Amino acid sequence: MTLTPSTMLALGTPAPDFKLPDVLTNKTISLETFGDKTALVVMFICQHCPFVKHLQEELANIGSDYHNRGVGIVAISSNSVETHPQDAPEHLKAMALTLGFSFPYCYDETQEVAIAYTAACTPDFFVFDRSRRLVYRGQLDDSRPGNNQPVTGKDLREAIDAVLAGDPISENQKPSIGCNIKWKPGHEPAYYGAG
(Lines give C-alpha, C1' and ligand atoms only; values in the text may rest on other atoms or scores of the structure.)
Protein backbone atom coordinates (compact mmCIF):
# COMPACT_ATOMS: atom_id res chain seq x y z
CA MET A 1 0.00 0.00 0.00
CA THR A 2 1.37 3.38 -1.02
CA LEU A 3 -0.04 6.30 0.98
CA THR A 4 -1.17 8.65 -1.78
CA PRO A 5 -2.75 12.14 -1.68
CA SER A 6 -5.19 13.69 -4.15
CA THR A 7 -3.64 15.48 -7.13
CA MET A 8 -5.85 18.51 -6.37
CA LEU A 9 -7.08 19.09 -9.93
CA ALA A 10 -7.47 22.82 -10.69
CA LEU A 11 -10.71 24.34 -9.44
CA GLY A 12 -12.96 25.42 -12.31
CA THR A 13 -11.99 22.39 -14.43
CA PRO A 14 -15.00 21.10 -16.42
CA ALA A 15 -16.16 17.62 -15.42
CA PRO A 16 -14.73 15.09 -17.86
CA ASP A 17 -17.49 13.02 -19.44
CA PHE A 18 -17.53 9.26 -19.07
CA LYS A 19 -19.62 6.27 -20.04
CA LEU A 20 -19.30 3.43 -17.56
CA PRO A 21 -21.42 0.43 -16.57
CA ASP A 22 -23.16 0.50 -13.19
CA VAL A 23 -22.31 -2.79 -11.45
CA LEU A 24 -25.76 -2.82 -9.83
CA THR A 25 -27.97 -2.32 -12.90
CA ASN A 26 -25.61 -2.78 -15.88
CA LYS A 27 -26.94 0.55 -17.19
CA THR A 28 -24.47 2.96 -18.76
CA ILE A 29 -23.85 5.99 -16.55
CA SER A 30 -22.55 9.31 -17.94
CA LEU A 31 -22.60 13.00 -17.05
CA GLU A 32 -25.92 13.20 -18.89
CA THR A 33 -27.40 10.79 -16.32
CA PHE A 34 -27.17 13.67 -13.82
CA GLY A 35 -28.24 16.47 -16.18
CA ASP A 36 -31.04 17.71 -13.91
CA LYS A 37 -28.91 17.81 -10.74
CA THR A 38 -27.67 21.01 -9.11
CA ALA A 39 -24.49 19.36 -7.83
CA LEU A 40 -22.52 16.30 -8.89
CA VAL A 41 -20.25 14.26 -6.64
CA VAL A 42 -17.79 11.89 -8.31
CA MET A 43 -15.96 9.60 -5.92
CA PHE A 44 -13.24 7.09 -6.68
CA ILE A 45 -13.43 4.20 -4.24
CA CYS A 46 -12.96 0.42 -4.24
CA GLN A 47 -13.88 -2.63 -2.22
CA HIS A 48 -10.62 -3.63 -0.55
CA CYS A 49 -8.93 -0.39 0.57
CA PRO A 50 -8.77 0.13 4.37
CA PHE A 51 -9.19 3.89 3.90
CA VAL A 52 -12.46 3.31 2.02
CA LYS A 53 -13.64 0.68 4.51
CA HIS A 54 -13.03 3.24 7.28
CA LEU A 55 -15.62 5.64 5.84
CA GLN A 56 -17.84 3.52 3.61
CA GLU A 57 -20.87 3.74 5.91
CA GLU A 58 -20.68 7.55 5.77
CA LEU A 59 -20.64 7.34 1.96
CA ALA A 60 -23.89 5.39 2.14
CA ASN A 61 -25.28 7.99 4.58
CA ILE A 62 -24.38 10.85 2.24
CA GLY A 63 -26.10 9.02 -0.59
CA SER A 64 -29.26 8.69 1.49
CA ASP A 65 -29.15 12.21 2.92
CA TYR A 66 -28.82 13.91 -0.47
CA HIS A 67 -30.82 11.46 -2.57
CA ASN A 68 -33.80 13.78 -3.07
CA ARG A 69 -32.00 17.11 -2.80
CA GLY A 70 -30.78 17.72 -6.33
CA VAL A 71 -27.41 16.02 -5.89
CA GLY A 72 -26.07 13.46 -8.34
CA ILE A 73 -23.58 11.00 -6.90
CA VAL A 74 -21.54 8.37 -8.68
CA ALA A 75 -18.91 6.04 -7.26
CA ILE A 76 -16.24 4.70 -9.57
CA SER A 77 -13.68 1.95 -9.04
CA SER A 78 -10.72 2.05 -11.41
CA ASN A 79 -8.50 -0.54 -9.76
CA SER A 80 -6.92 -3.21 -11.93
CA VAL A 81 -8.57 -6.57 -11.31
CA GLU A 82 -5.44 -8.22 -12.67
CA THR A 83 -3.57 -7.16 -9.54
CA HIS A 84 -6.57 -6.79 -7.18
CA PRO A 85 -9.30 -9.30 -8.10
CA GLN A 86 -11.19 -8.36 -4.91
CA ASP A 87 -12.15 -5.12 -6.73
CA ALA A 88 -13.83 -6.93 -9.60
CA PRO A 89 -17.39 -5.80 -10.47
CA GLU A 90 -19.10 -8.65 -8.61
CA HIS A 91 -17.32 -7.62 -5.40
CA LEU A 92 -18.19 -3.96 -5.96
CA LYS A 93 -21.82 -4.98 -6.41
CA ALA A 94 -21.77 -6.97 -3.16
CA MET A 95 -20.26 -3.96 -1.37
CA ALA A 96 -22.93 -1.61 -2.74
CA LEU A 97 -25.75 -3.98 -1.78
CA THR A 98 -24.37 -4.57 1.71
CA LEU A 99 -24.00 -0.85 2.38
CA GLY A 100 -27.24 0.13 0.65
CA PHE A 101 -25.70 2.59 -1.80
CA SER A 102 -28.45 4.72 -3.37
CA PHE A 103 -26.19 5.86 -6.21
CA PRO A 104 -24.54 4.14 -9.19
CA TYR A 105 -21.27 2.30 -8.62
CA CYS A 106 -19.33 2.04 -11.86
CA TYR A 107 -16.35 0.03 -12.95
CA ASP A 108 -13.69 1.85 -14.99
CA GLU A 109 -12.01 -1.13 -16.64
CA THR A 110 -9.76 0.92 -18.95
CA GLN A 111 -8.78 3.35 -16.14
CA GLU A 112 -9.27 6.20 -18.63
CA VAL A 113 -11.89 7.90 -16.43
CA ALA A 114 -9.58 7.92 -13.41
CA ILE A 115 -6.88 9.48 -15.58
CA ALA A 116 -9.31 12.07 -16.99
CA TYR A 117 -10.12 13.15 -13.41
CA THR A 118 -6.48 12.79 -12.27
CA ALA A 119 -7.81 10.51 -9.54
CA ALA A 120 -4.88 9.25 -7.51
CA CYS A 121 -6.18 7.48 -4.43
CA THR A 122 -9.08 5.66 -2.87
CA PRO A 123 -11.03 7.51 -1.71
CA ASP A 124 -10.81 10.60 -3.91
CA PHE A 125 -13.71 13.09 -4.10
CA PHE A 126 -14.72 15.68 -6.71
CA VAL A 127 -17.70 18.07 -6.46
CA PHE A 128 -19.01 19.96 -9.50
CA ASP A 129 -21.56 22.79 -9.59
CA ARG A 130 -24.59 23.04 -11.87
CA SER A 131 -22.40 24.14 -14.80
CA ARG A 132 -20.21 21.09 -14.04
CA ARG A 133 -17.18 23.11 -13.03
CA LEU A 134 -15.00 21.71 -10.26
CA VAL A 135 -15.62 23.51 -6.96
CA TYR A 136 -14.21 20.98 -4.50
CA ARG A 137 -11.70 18.16 -4.53
CA GLY A 138 -10.06 16.46 -1.61
CA GLN A 139 -10.97 14.73 1.60
CA LEU A 140 -14.26 13.54 3.07
CA ASP A 141 -13.19 14.81 6.50
CA ASP A 142 -10.21 14.69 8.87
CA SER A 143 -10.77 11.06 9.90
CA ARG A 144 -8.25 8.40 8.91
CA PRO A 145 -7.88 4.81 10.09
CA GLY A 146 -6.29 4.91 13.54
CA ASN A 147 -6.36 8.68 14.17
CA ASN A 148 -9.44 8.54 16.46
CA GLN A 149 -11.19 11.38 14.57
CA PRO A 150 -14.90 10.69 14.02
CA VAL A 151 -16.12 10.05 10.47
CA THR A 152 -18.52 12.93 9.81
CA GLY A 153 -18.20 13.70 6.11
CA LYS A 154 -17.80 17.35 7.16
CA ASP A 155 -15.66 18.66 4.29
CA LEU A 156 -17.61 16.94 1.53
CA ARG A 157 -20.99 17.80 3.06
CA GLU A 158 -20.03 21.47 3.42
CA ALA A 159 -19.03 21.60 -0.25
CA ILE A 160 -22.29 19.96 -1.38
CA ASP A 161 -24.37 22.24 0.85
CA ALA A 162 -22.61 25.33 -0.52
CA VAL A 163 -23.36 24.31 -4.12
CA LEU A 164 -27.01 23.71 -3.25
CA ALA A 165 -27.23 27.11 -1.53
CA GLY A 166 -25.35 28.90 -4.31
CA ASP A 167 -22.63 29.93 -1.85
CA PRO A 168 -18.90 30.16 -2.60
CA ILE A 169 -16.63 27.38 -1.40
CA SER A 170 -13.31 28.12 0.24
CA GLU A 171 -10.35 27.25 -1.96
CA ASN A 172 -8.49 26.12 1.17
CA GLN A 173 -9.15 22.42 0.63
CA LYS A 174 -7.30 19.44 2.08
CA PRO A 175 -6.32 16.53 -0.15
CA SER A 176 -7.78 13.12 0.45
CA ILE A 177 -5.28 10.47 1.42
CA GLY A 178 -5.58 6.76 0.82
CA CYS A 179 -4.26 3.80 -1.10
CA ASN A 180 -3.05 4.59 -4.59
CA ILE A 181 -5.30 3.54 -7.44
CA LYS A 182 -4.06 0.12 -8.56
CA TRP A 183 -2.90 0.90 -12.07
CA LYS A 184 -2.50 -1.81 -14.66
CA PRO A 185 1.21 -2.56 -15.02
CA GLY A 186 2.66 -0.15 -17.56
CA HIS A 187 -0.50 1.99 -17.53
CA GLU A 188 0.45 4.33 -14.68
CA PRO A 189 -0.34 7.99 -15.50
CA ALA A 190 2.34 10.66 -15.56
CA TYR A 191 1.12 12.07 -12.23
CA TYR A 192 1.49 8.72 -10.41
CA GLY A 193 4.30 8.92 -7.89
CA ALA A 194 4.81 12.62 -8.62
CA GLY A 195 3.61 13.71 -5.16
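Treat the numbers as computed from the prediction; the structure is a model and nothing was measured. All values below come from the heavy atoms of this structure, side chains included, with hydrogens, waters and symmetry mates left out.
Of all heavy-atom pairs between I169 and A162, the closest is CG1-CB, 3.5 Å. Minimum interatomic distance between I73 and P104 (heavy atoms only, all atoms of both residues): O-CD, 3.2 Å. Closest heavy-atom contact between P185 and E82: CD-OE1, 4.2 Å. For the residue pair A60 and L99, the shortest heavy atom distance occurs at CB-O, 3.4 Å. Residues V52 and C46 approach most closely at CG1-O, 3.4 Å, considering heavy atoms.
Follow the hydrophobic side-chain contacts under 4.5 Å out from M95 and you reach V41 in the same cluster. Side-chain heavy atoms closer than 4.5 Å link hydrophobic residues (I, L, V, M, F, W, Y) into clusters, and following such links, even through other members, never connects I177 to L140. A single hydrophobic cluster is seen to contain both L55 and Y105, as judged by linkage of ILVMFWY side chains at heavy-atom distances under 4.5 Å, directly or through other members.
Taken from CG in D108 to OG in S77, the straight-line distance is 8.0 Å, to the nearest 0.5 Å. The line from CG of N180 to CG of D124 is 11.5 Å long, rounded to the nearest 0.5 Å. Here N147 contributes atom CG and H54 contributes atom NE2; the two are 6.0 Å apart, rounded to the nearest 0.5 Å.
Of the residues K182, Q47, K184, the one that meets the side-chain contact (heavy atoms from CB on, under 4.5 Å) test with N79 is K182.
The shortest side-chain heavy-atom distance between Y107 and L92 falls under the 4.5 Å cut-off. Two residues are said to be in side-chain contact when any heavy atoms from C-beta on lie closer than 4.5 Å; I62 and L156 meet this criterion. Residues T83 and W183 are not in side-chain contact: their nearest non-hydrogen atoms beyond the backbone lie 4.5 Å or more apart. Taking the side chain as every heavy atom from C-beta outward, C179 and T4 never approach each other to under 4.5 Å.
For K37, the NZ atom counts as densely surrounded, since its 6.0 Å shell holds more than 12 non-hydrogen atoms of other residues, nucleotides or ligands. Other residues, nucleotides and ligands place no more than 12 heavy atoms under 6.0 Å from the CD atom of E57. Counting non-hydrogen atoms of neighbouring residues, nucleotides and ligands closer than 6.0 angstrom, the CD atom of E112 exceeds 12 such neighbours. Environment of NZ in K53: crowded, with over 12 heavy atoms of neighbouring residues, nucleotides or ligands closer than 6.0 Å.
Within the 3.5 Å criterion, the main-chain N or O of A119 finds a donor-acceptor partner in the side chain of Y191. With hydrogens and angles disregarded, no donor-acceptor distance shorter than 3.5 Å links the side chain of D155 to the backbone of Q139. Under a 3.5 Å cut-off, the side chain of D129 and the backbone N or O of R133 do form a donor-acceptor pair. Checking side-chain atoms of S143 against main-chain N and O of Q149 turns up a donor-acceptor pair under 3.5 Å. Of the possible polar contacts, one joining the D141 side chain to the T152 backbone as a donor-acceptor pair under 3.5 Å is found. The backbone N or O of G138 lies less than 3.5 Å from no partner atom in the side chain of Q173, so there is not a single donor-acceptor pair. Listed for the T7 side chain is a donor-acceptor partner under 3.5 Å among the backbone atoms of T118. Between the side chain of S176 and the backbone N or O of P123 there is at least one donor-acceptor pair closer than 3.5 Å. S6 places no side-chain N or O within 3.5 Å of a backbone atom of M8 that could act as its donor or acceptor partner.
Residues L9, L11, F18, L20, I29, L31, F34, L40, V42, F44, V74, I76, Y117, F126, F128, L134 make up the rest of the hydrophobic cluster containing V113, defined by ILVMFWY side-chain heavy atoms closer than 4.5 Å, directly or through other members.
Among residues two or more places apart in sequence or in another chain, the side-chain hydrogen bond (donor to acceptor under 3.5 Å, both in side chains) test is passed with E58 by N61, R157. In this structure, the ring-ring contact (aromatic ring centres under 6.0 Å, His included) partners of H48, at least two apart in sequence or on a different chain, are H84.
Between K174 and D142 there is a salt bridge, with a side-chain nitrogen of the basic residue lying less than 4.0 Å from a carboxylate oxygen of the acidic one.
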request  = Tell me, with the steps shown, if I160 and R69 meet side chain to side chain contact (heavy atoms under 4.5 Å, CB included).
outcome  = CA-CA 10 Å; I160 297 169; R69 295 186 54 200; over 6 Å; no
query = Under the side chain to side chain contact (heavy atoms under 4.5 Å, CB included) criterion, do F103 and H67 qualify, and how do the steps go?
reply = CA-CA 8 Å; F103 44 82; H67 187 63; over 6 Å; no
